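Bear in mind that the values here come from a model prediction, so they are computed numbers and not experimental data.
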Amino acid sequence: MIMLVDDDFDLDRIAESGQCFRWELRGEGTYRIPLGERCLYIRALGDGRFDLDCGENDLALWREYFDLKECYSAIRARPDPRSDPFLAECAASERGIRILRQDPWEVTVSFIISQNRNIPAIRRSVELLCRAAGKSCVDGRGEAFYSFPEPEAILALSERELNECRLGYRGRYVRAAAAAAMDGTLDFPSLRTKTPEAARDALTELYGVGIKVASCIQLFGLHQLDAFPVDTWVRRILENEYPDGYPFEEYSPYNGVYQQYMFAFYRHKAL
DNA sequence: AGGCAGGCTTTTA
DNA sequence: TAAAAGCCTGCC
């Protein structure tokens with residue numbers, strides 16, 4: 001079916017943004033996107049038109065996933081080219097990035113896995129974990145894929161099976177997060193009721209989750225758009241471009257969206 | 001108390 | 001060989 005989108009929405013830029021690790025480019029600009037036990041095939045046709053191949057009644061679900069109720073063009077237009085030329089250029093150059101509404105559990109595990117690794121390595125480990133513990137599913141085109149594993153399925157893996165996902169020392173962090181999800185220490189519905197500060201504190205209580213990974217879970221998993229993950233790239237950006245400080249107050253409550261524009265811009269510049 | 005150095009698995013360039 | 005969307009531990 002055809003979906004019309006009257007806002008910033010660039011599949012390639014989202015796929016490269018580093019917020020999701022299971023999108024798969026299938027040629028002809030078509031992405032296969034797993035979500036739970038479903039899969040979407042989507043392709044941009046131009047002029048805000050997108051070709052979607054998904055379940056009959058799943059369109060609303062995917063519109064939610066892509067956060068289509070939020071107006072990113074308005075967020076993007078906020079930085080003033082005169083007072084903040086750097087951010088204005090980042091936002092203009094990276095137009096089309098959106099913050100997906102992903103499964104918070106998948107986001108948590110994925111970003112625990114992400115520490116001290118580059119994106120290809122992260123994708124590999126996540127896929128291995130899905131194959132090891134996820135449910136075997138078939139998509140609408142008859143192709144097999146694996147769902148992202150539930151905490152219980154991860155806990156059921158032997159140490160050796162977990163090691164085969166190439167997680168290294170992060171394996172015990174992933175296991176601890178799964179245990180916390182099982183015993184209720186990690187509970188996303190209750191995290192959503194907390195203030196951002198309280199959610200951050202609760203997340204950093206998890207073994208292997210520091211401030212950076214907690215911010216990523218808040219931004220990409222809890223959709224707290226003001227969360228501002230500071231990784232090696234963003235740390236360099238703040239040092240190089242904002243030696244006198246970054247105006248967080250001015251860009252609240254969308255600091256996380258601007259972080260994404262800057263992160264993508266710097267990465268493109270470096271490549 | 002809070003900051004800092006060193007170590008950690010593995011992959012990528 | 002260094003760096004990679006970092007965090008933990010031990011030491012001061």
No-H, no-angle donor-acceptor pair, Tyr173(A) side chain to dG6(C) base, under 3.5 Å: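 Absent.
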Polar side-chain contact Arg170(A)-dT9(B) base: donor and acceptor under 3.5 Å: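 Such a pair exists between side chain and base.
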Which whole-number value in Å describes the distance from [X] [atom1] to [N] [atom2]?
X         : N       : atom1 : atom2 : result
Tyr207(A) : dC8(C)  : OH    : C1'   : 6 Å
Arg166(A) : dT12(B) : CZ    : P     : 11 Å
Gln260(A) : dA5(C)  : CD    : P     : 13 Å
Asn116(A) : dA3(C)  : CG    : P     : 12 Å
Arg175(A) : dC8(C)  : CZ    : P     : 18 Å
Leu167(A) : dT11(B) : CG    : P     : 11 Å
Ile122(A) : dG6(C)  : CD1   : C1'   : 11 Å
Gln218(A) : dA5(C)  : CD    : P     : 21 Å

Salt bridge or not between [X] and [Y]? Use side-chain N to carboxylate O under 4.0 Å.
X         : Y         : result
Glu37(A)  : Lys135(A) : yes
Glu24(A)  : Arg26(A)  : yes
Glu127(A) : Arg123(A) : no

Candidates dA5(C), dT12(B), dT11(B) - which lies nearest the side chain of Arg124(A):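 Closest nucleotide among those given: dT11(B).
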Closest listed nucleotide, where the reference is the side chain of Arg236(A) and the choices are dT11(B), dG6(C), dA4(C):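 Nucleotide nearest to Arg236(A)'s side chain: dA4(C).
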Using a cut-off of 4.0 Å on non-hydrogen atoms, how would the nucleic acid contact of [X] be classed: base, sugar-phosphate, or nothing?
X         : result
Leu206(A) : sugar-phosphate
Ser17(A)  : base
Gly210(A) : sugar-phosphate
Phe220(A) : base
Val230(A) : nothing
Arg235(A) : nothing
Ser125(A) : nothing

Does [X] make a side-chain N or O approach to OP1 or OP2 of [N] shorter than 4.0 Å?
X         : N       : answer
Arg123(A) : dT11(B) : no
Arg172(A) : dT9(B)  : yes
Arg117(A) : dT9(B)  : no

Watson-Crick or G-U wobble mate for dA5(C), both contacts under 3.5 Å: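 With both distances under 3.5 Å required, dA5(C) matches none.
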Complementary nucleotide of dG10(C), counting Watson-Crick and G-U pairs under 3.5 Å: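 By the stated definition (distances under 3.5 Å), dC4(B) pairs with dG10(C).
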Mind checking the [atom1] distance from [N] to [M]? Whole angstroms is fine.
N      : M       : atom1 : answer
dA3(C) : dC8(B)  : C1'   : 15 Å
dA5(C) : dG7(B)  : P     : 22 Å
dC8(C) : dT11(B) : P     : 23 Å
dG6(B) : dA2(C)  : P     : 15 Å

Of Tyr254(A), Tyr251(A), Phe248(A), the residue whose pairing with Phe228(A) passes ring-ring contact (aromatic ring centres under 6.0 Å, His included):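 It is Phe248(A), the one option of Tyr254(A), Tyr251(A), Phe248(A) that forms the ring-ring contact (aromatic ring centres under 6.0 Å, His included) with Phe228(A).
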Pi stacking test for Trp233(A) and dA5(C): under 5.5 Å apart, planes under 30°: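 Check failed, Trp233(A) does not stack on base of dA5(C).
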Criterion ring pair (Phe, Tyr, Trp, His ring centres under 6.0 Å) on Phe148(A) and Phe21(A), from CA distance to verdict: CA-CA 11 Å; Phe148(A) 192 86; Phe21(A) 302 103; over 10 Å; no
Side chain to side chain contact (heavy atoms under 4.5 Å, CB included) between Arg32(A) and Arg22(A), worked out: CA-CA 8 Å; Arg32(A) 186 176 79 158; Arg22(A) 297 195 71 202; over 6 Å; no
DNA chain B: 5'-proximal contact among Gln115(A) and Asn118(A) (nearest heavy atom):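 Result of the comparison: Gln115(A).
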Pairwise 5' ranking along DNA chain C for Val209(A) and Val234(A), keeping only the more 5' one: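 With Val209(A) and Val234(A) compared, the 5'-side residue is Val234(A).
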5'-most by nearest nucleotide on DNA chain C - Ile119(A) or Thr204(A):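 Mapping each residue to its closest nucleotide by heavy atoms, the 5'-most match is Ile119(A).
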Lys NZ or Arg CZ of Arg141(A) over Tyr41(A) ring: under 6.0 Å, within 45°: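 Satisfied, under 6.0 Å and within 45°.
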